[in-house]
Structure formats: structure tokens, C-alpha cells
There are 2 protein chains.
Amino acid sequence: MHSLPSLNALRAFDAVARTLSMSAAAKQLHVTHGAISRQVKLLEEQLDCRLVERAGRGVALTDAGLRLARTTQEVFDKLEQACDQVKRSAANAPFVLGCSGSFLARWFIPRLEQLKQDCPELELHLTAVDESQAIRPGVDAVLRFAEPPWPEDQRVIELAPERIGPVMRPDLFREEAPAPDQLLQHPLLETLSRPQAWPQWCRAQGIDPSQLRIKQSFEHLNYMLEGALVGLGVAIAPEYLVEEDLRTGRLQAPWGFVETPSRLGLWLPGQDISPAAQLLADWLRAALSR
Amino acid sequence: MHSLPSLNALRAFDAVARTLSMSAAAKQLHVTHGAISRQVKLLEEQLDCRLVERAGRGVALTDAGLRLARTTQEVFDKLEQACDQVKRSAANAPFVLGCSGSFLARWFIPRLEQLKQDCPELELHLTAVDESQAIRPGVDAVLRFAEPPWPEDQRVIELAPERIGPVMRPDLFREEAPAPDQLLQHPLLETLSRPQAWPQWCRAQGIDPSQLRIKQSFEHLNYMLEGALVGLGVAIAPEYLVEEDLRTGRLQAPWGFVETPSRLGLWLPGQDISPAAQLLADWLRAALSR
DNA sequence: TTTTATATGTCAGTTTTTCTCACATGTATT
DNA sequence: AATACATGTGAGAAAAACTGACATATAAAA
């Protein structure tokens, strides 16, 4: 037989669990701390079990509270996501796509005009999101590189394999086809978010990764590429992000690119593919393979 | 900024989505149909979007409703599960373990005495559940055979690999080590739930699966084994389920058993492993490897 | 077609829940 | 000890949800 405790009480508890503070939870839910205190107590009575207890000036979760909180947080996040989605799609709101700042700047922005031409009916908003960040409410989809398997509770539309390779200023190597191990004599640049990039590439080329000497690590891919552009050394980057620089001759990639297990994918919050998401995915696939 | 619609309205909508009927939903939630109708309407206003529409005598979900319902159902199921868990563990309720009827009858029941001796403090209730069925509220864990990968939102404690092999009455083959292909001349028994069992075993033995001729299919493993016991033919069964019959000499397994990709696992509803679950898992692992 | 049974939609009034505000109490910092 | 900050609790007010009655819509039976 069905029997859930008061949902509002669960919501109050959830906010308390997130903030570990009744007053902070109260502020979040736009009520007074008294209301929260009462709701939590109510929930404890309904579950016949203490969930939070005072700990100094704030509160702490009990064992049972901790277990329950794991579920409530996941659950309320999903609910919020889903409601937001419904509300925004009903209001014919623009489709909000999140992607990393570097991808945004180096791949997407240069192709926005083309997108507008190809899909004039698609109202797209772009926003930079943290590389590994989950989909937030307010964002309809996220474009990111990652390795399968994909999480089961999200839909991931695979768009293209990731290909990485060393890139540098054209004046660094003058020859047509320099030997790969000439790299070792040059300063190498990497990003902190992908420490595996250089070793991965080396293994694909048959070079011992332990010979690598990294000269400098950058916080973001963008900074690393700027470094390569001013001649700091040799960067390792995904092909898509340097296409423009290669085309215009500002960078060269003498050894080409090798495929990695990573895939560029369009991550959707739920299982459903909205028409806008499908349209965008189709266009992205086409644009990426050009 | 956070903003969820009324949770009670969501709950009402969820019940409507499940039953596709306002009155049925009303009955489930112990309120009148008017209350449900109002709540759904309220939700539609808050999301600014129609979710259900009249369809003849009942109601049907709109596109948006369908999408939302997927989330609400998952979410409320999880919530109920979690609350149930907390409530029962607080009440020091017995640990309820579900497993298939055949495993229950042929493996677990014969070892209950042993379990009671080994873990006297573990209050265990057993209940037969459908092979592929999800964990219901009221059940703390389920014991089942399945192939990895495991779902991300559940904890699965792997206990042992599945090993299957042909079993039959001892009077069917008198020799010590009959050749495997002698099987083909005997009537073969299978279960509908594991049509892959015979082909799997054959491939492991180097026999062409297409030569197999299945004589009879049974609804449940138990029935098939009963069939083998009365001499209907050769059954293919997991080792654990026939251990007792082999020990007592009622069945023989001349070719032994081969490992399959399946694993016997203890499936828990959430991420957490309760003390009782850990105790049970440890005992199971030990008992299975005896 | 008319009738009947079954559903949903809506309203006014009532019940229940939840909230606020005020004050009490508990805990760390000064 | 005094102060600042946080939680606990009460009575009354505000908000939300529910009921019961009636209106309306649909499908099947007469």
C-alpha cells in the first residue's frame, strides 16, 4: 500500500540536508526557520526516526538522515530539471546549450552564422559551463567530450570521436614531415584537465610516454592554445578546437591527429530527445564531419 | 533560482499518469476526484502547459505530460523506497530478501538452519519475487542472476559467477564420462526465461548449437528440474540450484558446469549498504563457495 | 435515439496544513 | 559574563487542499 510522508516535509528536510542549516534552508525556501524546524520534526515523526540533530550552532544528519538525503537530493534535482524542461519548452523558450569555454570560442562561435543559415527556426542560446559539470536547470543540453559508457539516466547522443594531436606555430618545424621523436626536444604544453593527453598520443605513435617532459600546465585548454600561438611550445589539443587555426595557418599539426576513446556527445537531462535537440544534434554531426 | 511547482500537485499528476484516470488516482490517494482534478489543473497552470486531456471516458497524457510523467514516476518510486527503508530500519524490522522461487526452494531453504546458526542476530524474511522484477517497497534486497554492467542508481554486490551445466537422472548415462555429443540423442529441457542456456553451454563445449533439438520448454526452472527428476530428459541448470540433488544422487552432471557471463548478485535499492545487507552478503559469499 | 452508467470539471464552503511572529533555549565567540 | 548566532516552540493567521453537490461530457445499453 502506498504511503509517502508529507512531501513538503521531505522538501524541507532536503534543503536542510543540503545546507546543514535550518536557517539557510529557510532562506532557500523563502520561509522562516520555524517553519523548517516544524517540518523536519514532522517528518521525523512520520518516519519514526531522527534525521537531524543539533551539532553546535548548526545541525548534522544522523545515519538515517544521510541515507535519506542521498535520495531526496537526487530526486528533487530530477524533479526540478523535468519541470523546468516542461515549462521552458511550453513557453517556446530558446534552446540553451552549454559547452566548455574553449569549444565555444574556437569551434562554435565561428560556425554560428552557418547554423543560423542551416536551421533558421532553431533559437539557440549558448552558455559556457564547467567541463565536468552536470546539467543544471536552465540548460537544455551540454556538449562535452567523455568516454563511454554513458550514464543510464541520461540520454547521450554521440556525435563524433575525439581526435587529438600536437599543434604548434608553423615556424617551429620547417620540414614537411618531421620525425615524431623530434617532439621530445621541444617544450610541451598540457592542460590540467587532461593529463592523459600526451601519454595517449605517445602510445599511439609508439613513443615511450616516460620520455615526455612537460614544460608547462595550463588551467584551461584555451590558455594552452594561446600559449602555443605565441610560441611557448607544443600543445596537445582536440582537432575540432584547432581547425580554424590550422586553416588560417596560425598553427600546424605535422603528425595529424589520433582517435581517443573519448566521444563528443550531446548530453540531455532525461531520456527524451526534444525536436530542438534532435535538430541540433543532426546539424552538429554534419558540421563536425565537414 | 529554485522553484518547484506544488509537490502535492505533482503527486496527484503522477497518480493520474500511472492510472490514466482521475478517479482511480483519487482512490489511490484517498481523496475525491475533484481534488485530483484541481491539483492537476493547478500544476498545468504552474507549468503553463497542458499535461493531460480528456480522452473519451478517461484522460490521456499530452506530449509534455508524458515526458514529465517519466520523471515523476521514477522519482516518487525512489522516494517511497527510501522512506520505506528508513522507516523500517528504524523500527528494527526484519530484513526482507527477495529471490526467485527456484533459488528459494532449492538453495536457500535447505541452508536456513545454517544461516540461523552463523548469524543468529540477523532477522531475515524471505519472499519469492519475479525473476526480472525491480525491488519493491517492502523488500530490502533482491538476490538474482544477471550480467554486468550494473545500473548506476543501485548497488549490486557481486557474490559468485553463474555456472551452468546439463543435469539428468543417474540412470540416463551409466558411463563414467560420456562424450558430450551423446546429449544430442536425448530429449533436452529448457526454461523460457533462459533460452540462451543451451547454446551457451554448447559453445563452451565446442558443439554446434544449431544441432540442438529442444524437446520441451518450461515456464519456471523449478518445473524443468522436476521434469528432469522424473526422467523427462536432460535439463540445463545453474550449479547452485542442483547442488542438493547432486549431493543426494537424485541427479547427475557428467560434464560438470561452465561459467557464464552472469553473476549472482545481491541487489540493493540505493547506494548504501546497511549493516544487515553486509552481513547477509558476507554469509552468502561464504555459503556459496562451500 | 433515448437511457443509463461512468467520468471529468467546477464551485462555495469547510477542514487541514503550513506559515509567521514572538519569545525561549542552546551553543560558540569575545 | 556578555554577545551574537542558531535552533525549538507556542498561538493565531494565512494559505492550501479537500469535500460534497451539481454540471457536463462520453460510451455503451436499451
Side-chain angles (χ1 to χ4, degrees), chain A residues 2-62 64-66 68-69 72 76 79 83, chain B residues 2-62 64-66 68-69 72 76 79 83:
Chain A
H2 284 269
S3 70
L4 270 174
S6 153
L7 291 173
N8 288 323
L10 278 166
R11 179 119 183 77
F13 165 75
D14 180 61
V16 171
R18 282 171 203 260
T19 58
L20 291 181
S21 149
M22 298 250 175
S23 350
K27 212 169 288 174
Q28 244 186 45
L29 301 184
H30 306 293
V31 292
T32 58
H33 76 266
I36 298 292
S37 177
R38 282 168 143 343
Q39 290 290 326
V40 169
K41 198 171 166 185
L42 183 73
L43 182 62
E44 290 184 331
E45 273 160 25
Q46 287 177 350
L47 295 183
D48 200 22
C49 173
R50 305 251 11 198
L51 299 171
V52 307
E53 35 192 30
R54 282 195 80 144
R57 282 218 261 213
V59 291
L61 295 179
T62 65
L66 202 66
L68 183 59
T72 59
F76 284 118
L79 259 191
C83 291
Chain B
H2 286 267
S3 72
L4 271 173
S6 152
L7 291 174
N8 288 322
L10 278 167
R11 178 116 185 78
F13 166 75
D14 179 62
V16 171
R18 281 171 203 259
T19 58
L20 291 181
S21 151
M22 298 253 174
S23 349
K27 210 169 291 174
Q28 247 187 43
L29 301 184
H30 306 293
V31 293
T32 59
H33 76 265
I36 298 292
S37 179
R38 276 171 115 38
Q39 289 293 325
V40 170
K41 199 172 166 189
L42 182 73
L43 183 63
E44 289 184 331
E45 274 161 23
Q46 287 178 348
L47 295 183
D48 200 22
C49 172
R50 306 252 8 202
L51 299 170
V52 307
E53 35 193 30
R54 282 194 80 144
R57 283 218 258 208
V59 291
L61 295 178
T62 64
L66 203 65
L68 182 59
T72 59
F76 283 119
L79 260 191
C83 291

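Order of the sequence lines sets the chain letters (A, B, ...), proteins ahead of strands, with each chain counted from 1.
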Inset, instruction - Report the end-to-end axis angle of the helix from dT1(C)-dA30(D) to dT30(C)-dA1(D); each axis comes from five terminal pairs, and the value is rounded to 10°. - result: 30°
Inset, instruction - Measure across A15(B) and Q28(B) and return the closest heavy-atom pair with its distance rounded to 0.1 Å. - result: CB-OE1, 4.0 Å
Legend entry - Stepwise side chain to side chain contact (heavy atoms under 4.5 Å, CB included) check, L42(B) with F13(B): CA-CA 10 Å; L42(B) 182 73; F13(B) 166 75; over 6 Å; no
Legend entry - Close residues, residues 32-42 of chain B, relative to DNA chain C [heavy-atom separation under 4.0 Å]: H33(B), G34(B), S37(B), R38(B), K41(B)
Legend entry - Validation row: L43(A), V40(A) side chains within 4.5 angstrom (heavy atoms): no
Inset, instruction - Name all residues meeting the side-chain hydrogen bond (donor to acceptor under 3.5 Å, both in side chains) criterion together with T72(B); count only those two or more places apart in sequence or in a different chain, and write none if there are none. - result: D14(B)
Legend entry - Positional range of nucleotides in DNA chain D within the contact set of chain A, heavy-atom, under 4.0 Å: dA4(D) to dA11(D)
Inset, instruction - Applying side-chain contact (heavy atoms from CB on, under 4.5 Å), name anything that partners A24(B), two or more places apart in sequence or on another chain. - result: T19(B), S21(B)
Legend entry - Spacing of N8(B) atom CG and R38(B) atom CZ [to the nearest 0.5 Å]: 14.5 Å
Inset, instruction - Given side chain to side chain contact (heavy atoms under 4.5 Å, CB included), test L68(B) with L61(B) step by step and report yes or no. - result: CA-CA 10 Å; L68(B) 182 59; L61(B) 295 178; over 6 Å; no
Legend entry - For S37(A) against M22(A), the heavy-atom pair lying closest together: CA-SD, 3.7 Å
May I have the list of side-chain donor-acceptor pairs in residues 45-53 of chain B shorter than 3.5 Å, sequence neighbours left out?
residue, atom, partner, partner atom, Å
Q46(B), OE1, S6(B), N, 2.9
R50(B), NH2, V52(B), O, 2.7

Legend entry - Separation between CG of L29(A) and CD1 of I36(A), rounded to the nearest 0.5 Å: 4.5 Å
Legend entry - L4(B) CG to R11(A) CZ distance, which is reported to the nearest 0.5 Å: 4.5 Å
Inset, instruction - Go through DNA chain C in 5' to 3' direction and return only the first and the last nucleotide with some atom under 4.0 Å of chain B's heavy atoms. - result: dA5(C) to dC11(C)
